[in-house]
Amino acid sequence: MINLILLGPPGAGKGTQADILVRKRGLLQLSTGQMLRDAIAAGSDLGKRVKSIMDKGDLVPDDIVVGLISDRIDKPDAKNGVIFDGFPRNVPQAEALDKMLAGKGLKLDKVILIEVPDVELYRRVEKRVRETPPEKRRSDDTVETLKNRLGVYHAQTKALVPYYTKQGKIVHIDGLMSIDEVAAAVSRALDHKPGSGWLAALWRWLKRLFGGGK
Ligand code: AMP
C-alpha cells in the first residue's frame with residue numbers, strides 16, 4: 001500500500017499523472033475537485049453551495065473537502081493506496097489529513113510536487129481554450145480564473161512545501177518534462193525506499209555513534 005499526494009499548481013498535470021498511476025498501480029484517485037464537479041453535475045445541495053466558489057477559483061470551505069475525503073477513504077477500493085489529487089490545498093487541510101490517516105492507522109508515504117512556472121500554466125490554459133470546444137471545457141478553465149487560482153496556490157497551497165519538507169516526504173519533479181518523463185520520475189520517486197541509500201546508512205551509523213546507541 002502506498003498513499004501519496006500529488007501537489008502542484010493548477011494545470012501542472014496532477015490529474016494526468018494520477019490517471020497513469022491508477023492504471024499502472026491500481027491506486028485509488030481521490031480528486032476533491034472532481035468530487036465537487038460531480039456534486040454540481042448531480043445538482044445536489046453541496047453542488048449548489050460550491051458552484052460559484054469554484055467558478056471564481058476560490059477554495060471551498062475546508063470542512064467540506066475534509067468530509068468528502070474522510071467518507072471516501074474507508075471504502076474497500078482504497079486498499080492498494082490512495083492518490084490525493086488537489087487535496088490538501090492549505091495547511092489546515094494537511095493537518096486534518098494527518099489526523100485522519102493516523103486515526104485510521106494509515107500513513108502518507110510521499111508528496112510529489114510537480115513544479116511548473118506560472119508563464120507555462122498560462123500558455124497551457126490559452127492552448128486549451130483555443131483547442132477545446134466550450135462545452136468540453138471546465139467552467140473554471142479560463143485565463144481569468146487561472147489568475148485567481150494561481151493567486152490562491154501561491155498564497156495558501158505552496159505553504160505545504162515546507163510543511164511536507166519538514167516531514168521528509170516531498171519529492172520535487174520538473175513538470176516541464178513530457179508526460180512520459182514526468183510519469184517515469186514519479187515512478188522512480190515511489191519506488192525509492194527511504195533509508196536505502198548510502199547516505200541514509202551513514203546517517204544511521206553517525207546517529208548510533210553519537211546518539212546513545214539506538
Ligand atoms: P481542481 O480540480 O483540483 O483544480 O479543483 C477545482 C476547484 O475545486 C478549485 O479551484 C476549488 O474551488 C475546488 N477545490 C478542489 N479541491 C479543493 C480543496 N482541497 N480545498 C478547497 N477547494 C477545493
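Atoms within a ligand are numbered from 1 in the order they appear, just like the ligands themselves.
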Any donor-acceptor N/O pair, [X] side chain to [Y] backbone, under 3.5 Å:
X	Y	result
K147	T142	no
D85	A18	no
E181	M177	no

Counting only nitrogen or oxygen atoms and a 3.5 angstrom limit, does [X] reach ligand 1?
X	value
G86	yes
D85	no
D140	no
V60	yes

Legend entry - D58: numbered ligand 1 atoms lying under 4.0 Å from its heavy atoms: 11 (C), 12 (O)

Legend entry - Those atoms of ligand 1 less than 4.0 Å from some heavy atom in F87: 19 (N)

Among protein heavy atoms, which sits nearest to [atom], and what does the distance come to when rounded to 0.1 Å?
atom	answer
atom 17 (C) of ligand 1	T32 OG1, 3.6 Å
atom 1 (P) of ligand 1	R89 NH2, 3.5 Å
atom 13 (C) of ligand 1	L36 CD1, 3.7 Å
atom 7 (C) of ligand 1	M54 CE, 3.7 Å
atom 20 (N) of ligand 1	Q93 NE2, 2.9 Å

Inset, instruction - Counting heavy atoms only, name the option from R149, Q34, K14, R37 that's nearest to atom 2 (O) of ligand 1. - result: R37

Legend entry - Proximity winner for atom 15 (C) of ligand 1, if only heavy atoms of G33, P10, P9 are counted: G33

Inset, instruction - Determine whether the side chain, the backbone, both or neither of R138 has a heavy atom under 4.0 Å from any heavy atom of ligand 1. - result: side chain

Side chains of [X] and [Y]: do they bring a donor and an acceptor to under 3.5 Å?
X	Y	result
N148	E144	no
D98	Y163	yes
S139	D55	yes

Legend entry - Passing candidate, side-chain contact (heavy atoms from CB on, under 4.5 Å) with S187, options Q17, R25, K24: R25

Legend entry - Given T157, D140, V125, the one that forms side-chain contact (heavy atoms from CB on, under 4.5 Å) with R149: D140

Inset, instruction - Looking only at non-hydrogen atoms, find the nearest pair between K110 and A189 and report the distance. - result: NZ-O, 2.9 Å

